[in-house]
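Remarks on the structure that follows.
Quick note: residue numbers are just sequence positions, from 1. Everything numeric here is computed off the predicted structure, so don't read it as measured data.
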Amino acid sequence: MATDFWASSHYKRWIVDRATLKESRSDDLQYVDDPEYLDFFAIFFANVITKLGKKLNFRQRVIATAIVFFRRFYIKNSYCETDPFIVIAACCYVAGKAEESPVHIKNMVAEARLFFSQQPYGVKYFPSDNSKLAEMEFYLVADLECDLTVFHPYRTLLSLCKKESSNDLQTEAGEVGVGVDDGPRYWGSGDGQLELPDDAFQLAWSIVNDTYRSDLCLLYPPHLLAITALYLAVVLHGPTRELLQHQSHSVEATPVHSSPRRSSRQNSSTSSSHSKKPSQDFVAFFAELNISMPLVATIAQEIISLYTLWERYFEDSDHVDSARGTFYGHASAQTQPAVSHSGVSTPVENLEDAQRPHGATPTFLLQVLTRMRENRLSDMAHASSGRHVAVNKMLERTQAAG
């Protein structure tokens, strides 16, 4: 039964553990000064996929699927041995097919080539040959083990909330059958739903979107991410929190009249017969779900940690000059030249002398990526005359720009 999928052992195919993630970044960790830069990469590349997806008029669900494909691909590959930009294009191309929003390969190549040539990316050698993207698609699907079905938290979020969802929300949620309205669910009985104002529900939806800026979509099932997003929305959205607390106190203050046990059962039966059964006691609501609340609290803490990191990521180039004192230290801010906007082809020798930054911009991360790839290629060149060095020949051919 589809609704029992996440209660079965098959879901583990979709989830990886932290040891696997750490092992997947072992090569990259040899060529990066600070492991935190890899966490910034997760934010940066998710933002790149989001921007390219919007250029292609993709729905949020398609963009989320492309991000998941990108994350899964780099479980088996490293940044320092691949070109993430052609991988991003391939992920968007395959995600469009998988989510029934296909884009012609010519349009994909043209849009990606134009988008990546702009600042701050400055990619000068993105392939113009459609066959290069088609070849990368083949390698991507192979590393994904031809498993292109991706479950997202959106459907569970809609099912948890008593909300008249529009057609657009239903389309974004997708996964018909996973969040059906009748029968048992993997997250609980489905008898109670939480009524949220539109802005509180939108906050929960936005939190789900934000989780794709990290590896949470690889570590936890989507229904847990949806429940955690709802939990955070209830806690962080002031009016909703106050409303729920007020209603909870009102229920506690309601006097209970003594009556025979039979009448109590009748009252219970009568109340359950009403079509509208709000469950505004959020503590009881979460307690009734068939999930581990300590695990939800752990996921919530990881999301908060993501936001803490995200605060030190500056996407707009307008923030670069104002942040230079933070990035390079106040002492060197007067002498350190402004961050160059020439993209991945920029030499990065000056990073050796720069003080360790406390944040990141796209330009800075592209410099880090360039240095990682250059150092990796240098090590492989020195080692090739001696011991054998494993090189992903498929990606090596794909990266060739013609």
Side-chain angles (χ1 to χ4, degrees), residues 40-74 83-123 126-128 130 133 136-137 140 148 150 152-155 157 165-175 201-214 216-217 222 225 229 306-307 310 313-319 341 343-344 360-363 365-366:
F40 281 120
F41 277 151
I43 298 175
F44 168 64
F45 287 124
N47 287 352
V48 173
I49 294 174
T50 300
K51 291 180 179 180
L52 179 58
K54 290 181 178 179
K55 291 280 187 181
L56 298 167
N57 295 319
F58 279 166
R59 294 176 286 109
Q60 175 59 36
R61 178 181 174 80
V62 185
I63 294 173
T65 298
I67 294 175
V68 172
F69 286 166
F70 184 84
R71 300 260 188 260
R72 290 182 181 176
F73 177 83
Y74 278 104
D83 180 0
F85 293 100
I86 193 168
V87 176
I88 286 174
C91 288
C92 290
Y93 183 54
V94 175
K97 292 182 178 181
E99 298 294 346
E100 299 182 358
S101 301
V103 176
H104 195 282
I105 190 170
K106 288 185 178 180
N107 295 337
M108 177 62 70
V109 171
E111 287 290 345
R113 183 177 174 84
L114 175 62
F115 177 68
F116 292 141
S117 66
Q118 299 172 354
Q119 301 300 339
Y121 314 111
V123 178
F126 190 86
S128 59
N130 297 340
L133 181 58
M136 184 66 237
E137 176 194 11
L140 172 64
L148 305 182
V150 179
H152 294 288
Y154 304 113
R155 170 63 64 176
L157 191 60
S165 58
S166 64
N167 291 333
D168 291 339
L169 283 179
Q170 291 287 356
T171 301
E172 289 287 1
E175 301 160 14
F201 179 81
Q202 185 58 50
L203 175 60
W205 192 280
S206 298
I207 292 174
V208 168
N209 291 341
D210 293 342
T211 60
Y212 290 97
R213 268 64 181 176
S214 69
L216 290 172
C217 58
L225 296 179
L306 167 63
Y307 287 135
W310 205 341
Y313 176 82
F314 300 89
E315 182 68 35
D316 296 332
S317 59
D318 295 338
H319 291 100
H341 286 266
V344 295
T361 63
T363 301
L365 293 176
L366 288 169

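- For the pair His104/Asn130, no side-chain contact is recorded, criterion being any heavy-atom separation below 4.5 Å from C-beta on.
- At least one side-chain heavy atom of Val87 sits less than 4.5 Å from a side-chain heavy atom of Tyr74.
- Side chain of Arg59 to main chain of Glu99: a donor-acceptor pair is present (N/O by atom type, distance under 3.5 Å, no hydrogens or angles).
- Around atom CD of Glu100, no more than 12 heavy atoms belonging to other residues, nucleotides or ligands sit under 6.0 Å away.
- With a 4.5 Å cut-off on side-chain heavy atoms, Cys92 and Ile49 count as touching.
- A donor-acceptor pair is defined here as one N or O able to donate and one able to accept, closer than 3.5 Å; such a pair exists between the side chain of Arg71 and the backbone of Ala42.
- No side-chain heavy atom of Thr211 sits under 4.5 Å from any side-chain heavy atom of Cys217.
- Between Thr361 and Pro120 there is no side-chain heavy-atom pair separated by less than 4.5 Å.
- Tested against His152 for a side chain to side chain contact (heavy atoms under 4.5 Å, CB included), the candidates Thr65, Val208, Leu157, Leu225 yield a single pass: Thr65.
- Within the 3.5 Å criterion, the main-chain N or O of Val123 finds no donor-acceptor partner in the side chain of Arg113.
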Exercise for the section: Give the C-alpha distance, both sets of side-chain angles, the deciding distance and a yes or no for side-chain contact (heavy atoms from CB on, under 4.5 Å) between Tyr154 and Gln60. Expected result: CA-CA 10 Å; Tyr154 304 113; Gln60 175 59 36; 3.5 Å; yes
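- Side-chain atoms of Leu306 and Ile43, non-hydrogen and from C-beta on, do get closer than 4.5 Å to each other.
- Classified by interplanar angle (parallel below 30°, tilted 30° to 60°, perpendicular above 60°), the ring pair Phe201/Trp205 is tilted.
- In this structure, the separation between CE on Met108 and CG on Leu52 is 6.0 Å, given to the nearest 0.5 Å.
- Taking the six-membered ring where the residue is Trp, Phe126 and Phe116 present tilted rings, their angle falling between 30° and 60°.
- Side-chain atoms of Phe69 and Leu148, non-hydrogen and from C-beta on, do get closer than 4.5 Å to each other.
- Within the 4.5 Å cutoff, the side chain of Ile67 has heavy atoms near those of the Ile63 side chain.
- In this structure, the ring of Phe70 has its center less than 6.0 angstrom from the ring center of Phe45.
- Using cut-offs of 30° and 60° for the angle between ring planes, the Tyr121 and Phe44 rings count as tilted.
- Nearest heavy-atom pair, Ile86 versus Leu133, reported as atom, atom and distance to 0.1 Å: O-CD1, 4.3 Å.
- Distance check: Asn209 CG to Ile207 CD1 gives 10.0 Å after rounding to the nearest 0.5 Å.
- Annotation: the span from Glu137 atom CD to Ile105 atom CD1 amounts to 6.5 Å, rounded to 0.5 Å.
- Taking each heavy atom of Phe40 and Ala360 in turn, the nearest pair found is CG-CB, 3.7 Å.
- In this model, no donor atom of one side chain and acceptor atom of the other lie less than 3.5 Å apart for Asn47 and Tyr212.
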